[in-house]
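Shown next, in structure tokens, is the structure this report addresses.
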Protein chains: 4
Amino acid sequence: MNKRELILEATLDLITEHGFHATPMSMISKKAKVAAGTIYHHFENKEILLEALYTESKGKMGRAMQLATVNGENYEADYKSIWISLFIFYADNSKTFQFLEQYAQSPFIRKETKEEQRKHYQPIIDFLGQGIRKGYLKSIDVEILTEMVHGTVVSAAKIFHQQKELSKIAINELAQFAWQAAKA
Amino acid sequence: MNKRELILEATLDLITEHGFHATPMSMISKKAKVAAGTIYHHFENKEILLEALYTESKGKMGRAMQLATVNGENYEADYKSIWISLFIFYADNSKTFQFLEQYAQSPFIRKETKEEQRKHYQPIIDFLGQGIRKGYLKSIDVEILTEMVHGTVVSAAKIFHQQKELSKIAINELAQFAWQAAKA
Amino acid sequence: MNKRELILEATLDLITEHGFHATPMSMISKKAKVAAGTIYHHFENKEILLEALYTESKGKMGRAMQLATVNGENYEADYKSIWISLFIFYADNSKTFQFLEQYAQSPFIRKETKEEQRKHYQPIIDFLGQGIRKGYLKSIDVEILTEMVHGTVVSAAKIFHQQKELSKIAINELAQFAWQAAKA
Amino acid sequence: MNKRELILEATLDLITEHGFHATPMSMISKKAKVAAGTIYHHFENKEILLEALYTESKGKMGRAMQLATVNGENYEADYKSIWISLFIFYADNSKTFQFLEQYAQSPFIRKETKEEQRKHYQPIIDFLGQGIRKGYLKSIDVEILTEMVHGTVVSAAKIFHQQKELSKIAINELAQFAWQAAKA
DNA sequence: TATGAATGAGCTTTCATTCAT
DNA sequence: TATGAATGAAAGCTCATTCAT
């Protein structure tokens, strides 16, 4: 594992536990077992380290969603498959999820960076846009609909991480919740 | 307006704009037009100031929800009325909303404080529990359902604050989204 | 008990326990059960409060020494009587002793104040001067001799307060130590 | 000269002149010509800096006493040699002496630290214990005797630093004072 | 690339003192 | 006299960042 990744991993761990302001660079260097100066060889400054972590995290999320089995035969099944893929990513990567939630809105991440990372939602936006056009989904502005649907995954993941055990049935129930919400 | 409130207001303004770590006490004291030391007469330290703001904000949210017109005749109408009341509170109080979202999960707020403020959701939990028992709503664990429904309001408020204009019709559509999601 | 005395007493207690810099005026006002402002009606500022305590303490010490039974018949007996009187004062007034030792040399007390309080040693200086002239004591500069003899009382008192139990016999032994040291 | 020593030296100078509470860290960093933060690389906090200074000072004192010429042939001569060695150390190192006197009793130094530094007196305790056993000295508890004898050196040093010129003869007189005090 | 001692601006917090009541 | 909320200068300390090695 190279130093850059060690640093990012340590940062994710520490920042979700203590928060940005309570995580000094020295603490990161200690946890990552590198010298303080080494962090600066890989990341210009603390803010940029945070943004790099944000970018990496969003990328992982995007890739997770593409693992959904979407065969185009049954729209409802595809919708639920995507929903569950994202849910599972958030469930399996608790720290990444926490980090994204915590810093998604925060002023630490520059607007441009956020904007740029919106690209990962594009496949979803397209999928939902299709659903609207084909009459499967409510005809609401597609970006609004995307946000609303994404919100249901986030809520489900929060519940999961609050240790309310979610059996497979319950997960399907929540996918159903998200489907009924959006369907025409 | 007494000093305590001036301080809380200044803190809300600055913290939503710059974040916790980027808001020095000196900045708060300046904005609130009190001496730095005065803050410490009212709040033991910076963390406790933040927690006080959290508690006050949650209280306001709780009170807003109780303004909904719930007459018990039409469950769906009552459900939507509560949903819209909370949405309007989040829409009208952008900073309080941002603050709650940003710090709801954050490690700055102690677990106990968060736990204590859950009380404000109790009326909603009761209302939804009733809906489940009477067969109006899906029979999902009521706390899970509450979280999911609350999530839809939060998503709607986020959309609103991203300046996507939401006409009254659109709001009703989102309330409808939330209703269909939950209904049996 | 009037407020002035309450304040001085609280100051003595706190300052010997925590030291000057670690004893805020607020702590004194709390312990003395008076308002912060009240201290300033009786003492111009913190330094003057400390000096007042020093002056009072030195006065008490002076009065204690005058309780010695000095009848002029037996110089050695008189010498030991004075020595023991001062020792007993230091033993019985542990906080005053600690305070005087701690602040005797300290830069918190102005030179003039220290100088002024030397008057309490005058009777001793006279008594020892007499002893030198009459050939009972070593012919060393009287002020030097006074300091040396006083030093033996201070050492004895330190031992006492370190809880090494000092029986009456041991005290007499130490008085004897002090006598042999000085005698011609 | 390394930074740690520069800091300790500056601290000794300033603290004896102004006292602990009246010596801000900024003043020390200025005098030592290091950055404020550098002090914290070498000493955890202000209190620990003080304790380090105390430990170093006691060590120097211990080493000074071991320079006495003790040949074991003449107990009185050896006793006086040790006495004078310590006196000379206190005389030559006025700031160290002042510091030790001022902080020996003070609540700034933890009990354990004080206790630990008692080791430097062990050779003296042994030497005096021997003197008692061989009948040269009064049979008083050896620790008490040590304290009393040390007290005479301290008093002599105080006199010296009050600028009362002490000629070599006078010093021998005071050593004689200390010898007569303790001898059997 | 990697190190980590050193920097110093800027932070949170304290506390002597004031003053309207 | 007595009060105690308010003040704000100044303290101790932290930590992002640099740079000689």
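- Listed candidates were E:dA16, F:dG12, F:dG8. Nearest to the side chain of C:P24 is E:dA16.
- For residues 101-115 of chain B, the set of pairs meeting the salt bridge (charged side-chain N to carboxylate O under 4.0 Å, His left out) definition, not counting sequence neighbours, comprises B:E51-B:R110, B:E101-B:K158, B:R110-B:E112, B:E115-B:R118.
- What separates NZ of D:K30 from C1' of E:dT7 is a distance of 16 Å, to the nearest Å.
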Show the distances under 3.5 angstrom between N or O atoms of the protein and N or O atoms of nucleotides 17-21 of chain F.
from   : atom 1 : to    : atom 2 : distance (Å)
F:dT17 : OP2    : A:Y40 : OH     : 3.1
F:dT17 : OP2    : A:K46 : N      : 3.0

Dot-bracket assigned to DNA chain E with the 3.5 Å Watson-Crick/G-U criterion, [ ] for crossing and | for other-strand pairs, is .||||||||||||||||||||
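- In this structure, B:R4 atom CZ and F:dA5 atom C1' are separated by 15 Å, rounded to whole Å.
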Between side-chain atoms of residues 15-25 of chain C and protein atoms elsewhere (two or more places apart, or another chain), which donor-acceptor pairs fall under 3.5 Å?
from  : atom 1 : to    : atom 2 : distance (Å)
C:T16 : OG1    : C:L12 : O      : 2.8
C:T16 : OG1    : C:D13 : O      : 3.1
C:H18 : ND1    : C:L14 : O      : 3.3
C:T23 : OG1    : C:L14 : O      : 3.4
C:T23 : OG1    : C:G19 : O      : 2.6

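- The phosphate of E:dT3 (OP1 or OP2) has a side-chain N or O of A:K3 nearer than 4.0 angstrom.
- The number of heavy-atom neighbours closer than 6.0 Å to NZ of B:K30, taken from other residues, nucleotides and ligands shown, is 12 or below.
- Separating the CG atom of A:L6 from the P atom of E:dT1 is a distance of 14 Å, rounded to the nearest angstrom.
- A sub-4.0 Å separation between OP1 or OP2 of F:dT14 and a side-chain N or O of A:H21 is absent.
- One can place CE of A:M27 at 14 Å from C1' of F:dA16, the figure rounded to the nearest angstrom.
- Phosphate proximity of F:dT1 to C:H42: absent, as no side-chain N or O sits under 4.0 Å from OP1 or OP2.
- Remark on DNA chain E: of its neighbouring residues A:I39 and B:F20, the 5'-side contact belongs to A:I39, judged by nearest-heavy-atom nucleotide.
- Taking A:K46 as the reference, nothing meets the side chain to side chain donor-acceptor pair (under 3.5 Å) condition, with sequence neighbours excluded.
- Taking atom CD1 on C:I15 and atom P on E:dA16, their separation rounds to 10 Å, with Å as the unit.
- Within 6.0 Å of atom CD in B:E47, 12 or fewer heavy atoms from other residues, nucleotides or ligands are found, so the atom counts as exposed in its surroundings.
- For A:E56, the side chain to side chain contact (heavy atoms under 4.5 Å, CB included) criterion is met by A:R4, A:L8, not counting sequence neighbours.
- If D:T23 and D:T38 are placed on DNA chain F by their nearest nucleotide, the residue sitting closer to the 5' end is D:T23.
- Side-chain atoms of D:L49 and D:N45, non-hydrogen and from C-beta on, never get closer than 4.5 Å to each other.
- F:dT1 atom P lies 14 Å from atom CD of C:E5, rounded to whole Å.
- Considering only heavy atoms from C-beta on, C:T11 comes within 4.5 Å of C:I7 through its side chain.
- One atom, CD1 of D:I7, and another, C1' of E:dA5, lie 12 Å apart when rounded to the nearest Å.
- Distance B:I28 CD1 to E:dC11 C1': 12 Å, rounded to the nearest Å.
- Taking a 6.0 Å sphere around NZ of D:K119, one finds it holds more than 12 heavy atoms contributed by other residues, nucleotides or ligands.
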